[in-house]
2 protein chains.
Amino acid sequence: MGRGVSTVARTRPPLVDCDIHNELWPGALRPYLPQRWREYDETYGGRADGGTSYPKGSPRAARADAWPPSGRPPGGDLDFMRAQHLDPYDIRYGVLNCLTTACRQQNPDYAAALCRAVNEWQVAEWLEKEPRLRAGIVVPYEDPQLAAQEIDRAAAHPGFVQVLLLVRTDEPLGRRRYTPIFEAAVRHGLPVGIHFGGGRGRNPLTASGWPSFYIEDHTAMAQAFQAQVVSMVVEGLFERFPALRVVLIEGGFGWLPSLVWRMDKHWARLRDEVGHLTRPPSEYVREHLWVTTQPIEEPPDPRHLLGVLDEMGGVDRVMFSTDYPHWDFDDPDRAIRARLDPDDRARILGGNAMALYGLP
Amino acid sequence: MGRGVSTVARTRPPLVDCDIHNELWPGALRPYLPQRWREYDETYGGRADGGTSYPKGSPRAARADAWPPSGRPPGGDLDFMRAQHLDPYDIRYGVLNCLTTACRQQNPDYAAALCRAVNEWQVAEWLEKEPRLRAGIVVPYEDPQLAAQEIDRAAAHPGFVQVLLLVRTDEPLGRRRYTPIFEAAVRHGLPVGIHFGGGRGRNPLTASGWPSFYIEDHTAMAQAFQAQVVSMVVEGLFERFPALRVVLIEGGFGWLPSLVWRMDKHWARLRDEVGHLTRPPSEYVREHLWVTTQPIEEPPDPRHLLGVLDEMGGVDRVMFSTDYPHWDFDDPDRAIRARLDPDDRARILGGNAMALYGLP
């Protein structure tokens, strides 16, 4: 805050933060909601059971120091975000992933109206005001037709660089009901970002039911990502959409190599079940999936991180993210302790994201 | 079949197969079931929804060549198991993990009666007849009190070397309701083996619901193991039972290092939620968990398997298994392509299991 660009930042390659959370402040959507849904909102409100976030008292799991003096919630004040995050770390571009229950409301038309309002708010309050920011299109993903309509509408604004889903969907994302979302994303040349979170109480967080502790929830989320990767690959989503690019945001990636080995092994023996796949699962993963770094699994021996990157076939699918302003924020000046080749580090910190999102 | 001990086997260190499946043949349990439950079985039969196994037509997912000429099911004929598996591979010891729906019947008393009958059948038909075999105690694990009673009863036979659970339980295994099972296992100095499979339709296989394909089921099972590891560690099971040893059977282990890194990272920041833990999660895993090899994730580059073993802190928790007679059998003469140090290979092939199970 108030401090200038740090020495580290000045000698660093261009930084792209692929996971910043802009936050709705109370009443933020009112100007963007049609009268019908404003009334619905006031009368009924939302129904979207998805558990609590941490820390409970703080909206959107925010860092203690991220409350702006304006009284807005953390992530809800652009000037403060500039002063606390974009300026001091000299962030070239930041991708906003607005987390809101709009995308998973039980009432599909209400969900669609809220998502549209969120996206209009993102354009007016963020993208039009700050050239360093880009954003994900928030969509009512459990009604894929309505989601596709919102993608078609919002994609016209150049500030939107991806479609944003949350990882805990009602069904695995490769299943056919979600096809319209991926179809629309490909139609507009947008990657699909899948972010930590979501859920509407239909599916327990683990294959053995609900765990007791928040730590377990947070750890189990990586398993939800694994399930989505398997589903997208095995259902043949990347056969149907060869141009589709998917970004896994805030899911880690230390689990990815062994998951791919397991899928390839099964595919080698059971490929007759999935004749729609023409190549080993590893190839779809290698070509179509990107991951963000935060929360990077931190092996006690930093060499092991290099091992994971080697198993992934290199660093070209790994993109830096901070998760600002959340409690488990990764500091750009200190993240990734492993001794990376300088070119590899530059690609992770910005190059890969600039290529994927087409940033100038 | 009929062939003698292979050249490879003769020059190999002692082999312990930690996952052999003995199979109930039709009517096998009749002599061991009390009249009441024999009648129940004939009148009502079992109710234990848990999906199908592969290949569908073959009980217990068996290899095509594993059908004994006697007409018994694969894994159901001791002489044939000797001739096809124990003798030619010169297996010093084999641990039987009998897969049956007995352990997860909806009627708890029926489940307990069936499990007791299964264990009596294991003693009479397998352990008493073949000194190379050991077995897991099958228990009605969704009624932990009844399960503990069966452990107390069966543990008297020295052929039982572990308590056998299936990984897809109704609730995560660290939750307090399962305490009596672990208490009983520790009381008798027995490890608890957790095997691939199970489930009664309560929990979808993934955090995003039911996937479409068998390949996805088989891949997702590794996520069920991850959830159980997290639950056992985070609930403090190993604080409550410092002598408890747990074996993950047929769950792979390529996912274990990154899971541990993730847990340690969360614990470092959120330990106030779980004050009952006195050490980082990694230490509980390192001390209390064992894994079996089949189905080992097979990286295209065998060096990567060495990397995973290095991340696990060495090979002393890894135990060889074939999964005989199932379709995805690992041949002892060909499994583990990576160039292991000969001592390490010997420990994986037999030494670790002999130490864990106290085999002479």
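Residue numbers begin at 1 in each chain, while the letters A, B, ... track the order of the sequences.
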| request: Report the option among B/Pro281, B/Ser282, B/Pro295, B/Pro257 that has the most heavy-atom pairs separated by less than 4.5 Å from atoms of chain A. | output: B/Pro295
| said: Counting heavy-atom pairs closer than 4.5 Å to chain A, which one of B/Met221, B/Arg271, B/His218, B/Glu297 comes out on top? | reply: B/His218
Taking atom [atom1] of [X] as the centre, report whether more than 12 heavy atoms of other residues, nucleotides or ligands fall under 6.0 Å from it.
{"X": "A/Arg177", "atom1": "CZ", "result": "yes"}
{"X": "B/Arg339", "atom1": "CZ", "result": "no"}
{"X": "A/Arg176", "atom1": "CZ", "result": "no"}

Are any non-hydrogen side-chain atoms of [X] and [Y] less than 4.5 angstrom apart?
{"X": "B/Asn203", "Y": "A/Thr206", "result": "no"}
{"X": "A/Trp255", "Y": "B/Leu259", "result": "no"}
{"X": "B/Pro211", "Y": "A/Ser231", "result": "no"}
{"X": "A/Ser212", "Y": "B/Glu235", "result": "yes"}
{"X": "A/Val308", "Y": "B/Glu311", "result": "yes"}
{"X": "A/Trp261", "Y": "B/His304", "result": "yes"}

Residue, of [options], that accumulates the most heavy atom pairs under 4.5 Å with chain B:
{"options": "A/Leu305, A/Asp301, A/Val274", "result": "A/Val274"}
{"options": "A/Asp264, A/Val233, A/Asp170", "result": "A/Asp170"}
{"options": "A/Gly174, A/Ala222, A/Gly252", "result": "A/Ala222"}

If I measure from the heavy atoms of chain A, does [X] come under 4.5 Å with its side chain, its backbone, both, or neither?
{"X": "B/Leu173", "result": "neither"}
{"X": "B/Val230", "result": "both"}
{"X": "B/Asp310", "result": "both"}

Please answer whether the main-chain N or O of [Y] pairs with a side-chain N or O of [X] as donor and acceptor at a distance below 3.5 Å.
{"X": "B/Gln223", "Y": "A/Ala224", "value": "no"}
{"X": "B/Arg262", "Y": "A/Glu298", "value": "no"}
{"X": "A/Glu216", "Y": "B/Val234", "value": "no"}
{"X": "B/Lys265", "Y": "A/Ile296", "value": "yes"}

| So which heavy atom on A/Arg269 is nearest to which on B/Asp330, and how close? | NH2-OD1, 4.1 Å
| Which heavy atom of A/Ile215 sits nearest a heavy atom of B/Trp267, and at what distance? | CD1-CA, 4.2 Å
| B/Phe213 and A/His276: ring pair (Phe, Tyr, Trp, His ring centres under 6.0 Å), yes or no, with the steps? | CA-CA 12 Å; B/Phe213 296 101; A/His276 51 273; 5.3 Å; yes
| task | Identify which part of A/Ala220 has an atom lying under 4.5 Å from any heavy atom of chain B, answering side chain, backbone, both or neither. | result | neither
| Structural part of A/Val167 lying under 4.5 Å from a heavy atom of chain B | backbone
| Residues A/Ser208 and B/Glu171: side-chain donor-acceptor under 3.5 angstrom | no
| query | Could you give the distance from OG1 (B/Thr219) to CE (A/Met263), rounded to the nearest 0.5 Å? | reply | 6.5 Å
